[in-house]
Amino acid sequence: MPFRLRLGASLLFASLTALSLSSAAAQVQLYGVVDMGFSLARASGNGPNAGDGHWSMAMKSGMRNSSRIGLRGSERLDNGLTVGFILENQFKADTGEFQSTGTLWERESSLWVSGDFGKVTVGKLGKLRSPVGSTGLFTTNNVNPFGNAMSSFIAGHKTVTVGDYFPHNNSIVYATPRLAQHWELFAQYSFGDKDDQGTFDNNERYMALAARFQSEALKATLVLDTIDEANRSDRSEQPSSATLAVNYDFGFIQPFVLVQAFRSSPINAVGSDAQRGYMKGVGKYDGWGSFVALRMPVWGGLAKVGAGYLDANSTVSATRDVKRYAVSVGYDYKLSKTLDWYADLGYVQQKTQATGSHVLRGTEFAVGMVKFF
């Protein structure tokens, strides 16, 4: 990263941190997550890019929660409105590097205003169908206890769904106030990026609608989203998906169910940390995916088990059709209010219809700790 950018980032952090410590009226808060652990993984198979079958061990950041640091603040105005901001960066705790080189506030940089009308948020924002930032609705507690497959083969729902979770620039999200006590509605639109002259170009526009129901025990979220690709005149080929996530807390056990149908979408890669390019789909696919998990209190912590399935049919050639199976077990233990320990074991298998059937397999054991501040 250029020296001027490093210096500017350092001064920004220093000044805003001082503000958070000295001005209670401004309500500025420094917060973050540091996730660090060890992964033992093995990739094998008989298809292209198959692993060599050897076990490899690595120290890794963000296997359960993405390591991040952020600043947020709010101010209540005399007219009943509240305005606020969020600046959030994601980083690699094992190296100290930014997750994306040259991008300071990768996860979110936003301003928001709320009132009786609801809440409007603008800036660089996470997709509604993601766990990222203040606008992401698919957080771990809402969707499944394994999170979003940030490790190699610990199967979260991202393993069996499509679409990346990267935030979109120049985005706007509207959230209604609570309706009939339990319902909220959401809408998102991204205006795309700007070129060097400050003019919006013809990049892809992300659009989404969502509905969420929340009671004391039941949580249900439905998201419909699509990407308007400016270079495609055939609207039927635009990437789109419909995703429903439901969980119910019975106290002694909490089941999670997620189902997604998708069209003309790229499937997510799996195991790229263990074997570069491993289990990566090529092109776009039609199909569906699902993930079911159970979480239950055991010995003072939370035990979890989950399984997922993906059936993706290539829009280009039947020789690229993919079926993916995934299972995981794990255990989370809270050492304090801000410190968690986790241990997870996962297995993923992918079958690709080609000249003969290509089978790829990945196994991983991960153990680590998460510190919230």
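Positions are given from 1 along the sequence.
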Task: Plane angle bin for Trp183 and Phe213 - parallel if under 30°, tilted between 30 and 60°, otherwise perpendicular - done: perpendicular

Task: Point-to-point distance, once rounded to the nearest 0.5 Å, from OG1 of Thr135 to CD of Glu108 - done: 5.5 Å

Open item on the list: To check you understand the geometry: which heavy-atom pair defines the closest contact between Phe91 and Val34, and what is its length?
Closed with: CZ-CG2, 4.2 Å

Task: Glu364 versus Phe153, closest heavy-atom pair with distance - done: OE1-N, 2.6 Å

- [ ] Run the salt-bridge test on Lys304 and Asp332 with the 4.0 Å N-O cut-off and return the result as yes or no.
- [x] yes

TODO: Say whether, by atom type as modelled, one donor and one acceptor occur between the side chain of Asn65 and the main chain of Asp35 under 3.5 angstrom.
DONE: no

Open item on the list: Test your reading of the model: is there a side-chain donor-acceptor pair from Gln188 to the backbone of Leu128, 3.5 Å cut-off?
Closed with: yes

Open item on the list: Over 60° means perpendicular and under 30° means parallel, so tell me whether Tyr333 and Tyr331 are parallel, tilted or perpendicular.
Closed with: parallel

Task: Heavy-atom closest pair, residues Gly133 and Arg107 - done: N-NH2, 3.7 Å

TODO: Could you grab the distance from atom CZ of Phe262 to atom CD1 of Ile267, nearest 0.5 Å is fine?
DONE: 7.0 Å

TODO: Could you tell me the separation between the CG atom of Asn144 and the CG atom of Leu294, rounded to the nearest 0.5 Å?
DONE: 11.0 Å

Open item on the list: When you compare the side chains of Gln238 and Ser240, does any donor N or O come within less than 3.5 Å of an acceptor on the partner?
Closed with: no

- [ ] Kindly indicate whether the side chain of Val348, heavy atoms from C-beta on, has any atom under 4.5 Å from the side chain of Thr159.
- [x] yes

Open item on the list: On the six-membered ring of Tyr31, is Arg72 placed so that its NZ or CZ lies under 6.0 angstrom from the centre and within 45° of the ring axis?
Closed with: yes

Task: Non-hydrogen side-chain atoms of Ser130 and Phe138 separated by less than 4.5 Å - done: no

TODO: Using modelled atom types only, decide if a donor and an acceptor are shared between the side chain of Thr315 and the backbone of Lys284 within a distance under 3.5 Å.
DONE: yes

- [ ] Taking Thr176 for its side chain and Leu185 for its backbone only, find out whether a donor-acceptor pair lies under 3.5 Å.
- [x] yes

Open item on the list: Quick check for you: to the nearest 0.5 Å, what is the distance between Ser109 atom OG and Asn89 atom CG?
Closed with: 11.0 Å

Task: Thr139 side chain vs Pro131 backbone, donor-acceptor pair below 3.5 Å - done: no

Open item on the list: Please check: side-chain N/O of Asp286 versus main-chain N/O of Asn313, any donor-acceptor pairing under 3.5 Å?
Closed with: no

- [ ] Without swapping roles, check the side chain of Asn247 against the backbone of Asn142 for a donor-acceptor pair under 3.5 Å.
- [x] yes

Task: Closest contact, heavy atoms only, Ala366 versus Met63 - done: CB-SD, 3.7 Å

Open item on the list: When you measure from the side chain of Asn268 to the backbone of Thr161, do you find a donor-acceptor pair of N or O atoms at a distance under 3.5 Å?
Closed with: yes

Open item on the list: Using a 3.5 Å distance criterion without hydrogens, assess whether the side chain of His182 forms a donor-acceptor pair with backbone atoms of Gln214.
Closed with: yes

Task: Minimum-distance pair of heavy atoms, taken over all atoms of Val33 and Phe373 - done: N-CE2, 3.7 Å

TODO: Fit a plane to each ring of His157 and Tyr165, take the angle between them on a 0 to 90° scale, and name the class: parallel (under 30°), tilted (30 to 60°) or perpendicular (over 60°).
DONE: tilted

Open item on the list: Hydrogens and angles aside, do Arg76 and Thr82 bring a side-chain donor and acceptor to less than 3.5 Å of each other?
Closed with: yes

Open item on the list: Please confirm whether the ring centroid of Tyr325 lies under 6.0 Å from the ring centroid of Tyr309.
Closed with: yes

Task: Short side-chain donor-acceptor distance under 3.5 Å, Lys92 and Ser67 - done: no

Task: salt_bridge(Glu88, Lys124) N-O dist < 4.0 Å - done: no

TODO: Would you mind reporting whether Arg178 and Glu184 have side-chain heavy atoms less than 4.5 Å apart?
DONE: yes

Open item on the list: Taking CG in Asp78 as the centre, count heavy atoms belonging to other residues, nucleotides or ligands within less than 6.0 Å. Is the count above 12?
Closed with: no

Task: Donor-acceptor side-chain pairing of Ser241 and Asp225 below 3.5 angstrom - done: yes

Open item on the list: Side chains of Gln90 and Arg68: any donor to acceptor distance under 3.5 Å?
Closed with: no

Task: Donor-acceptor contact present, side-chain Ser152 to main-chain Gly271, <3.5 Å - done: no

Open item on the list: Quick one, Leu125 and His168 - any side-chain contact, counting heavy atoms below 4.5 Å?
Closed with: no

Open item on the list: If I compare all heavy atoms of Val223 with all of Ala210, which pair ends up nearest, and what's the gap?
Closed with: CG2-CB, 3.8 Å

Task: CG-CD1 distance between Leu71 and Ile86, expressed to the nearest 0.5 angstrom - done: 10.5 Å

Open item on the list: Are there over 12 heavy-atom neighbours, none belonging to Lys371, within less than 6.0 Å of that residue's NZ?
Closed with: yes

- [ ] Cation-pi check, Lys119 to Trp112: give yes when NZ or CZ is under 6.0 Å from the six-membered ring centre and within 45° of the ring axis, no otherwise.
- [x] yes

Task: No-hydrogen, no-angle side-chain donor-acceptor test under 3.5 Å, Ser290 and Gln260 - done: no

Task: CG on Leu137 to CZ on Arg212, rounded to 0.5 Å - done: 5.5 Å

Task: Salt bridge flag under 4.0 Å for residues Arg295 and Asp249 - done: no

Task: Enclosure of Phe166 CZ (heavy-atom neighbours >12, cutoff 6.0 Å) - done: no

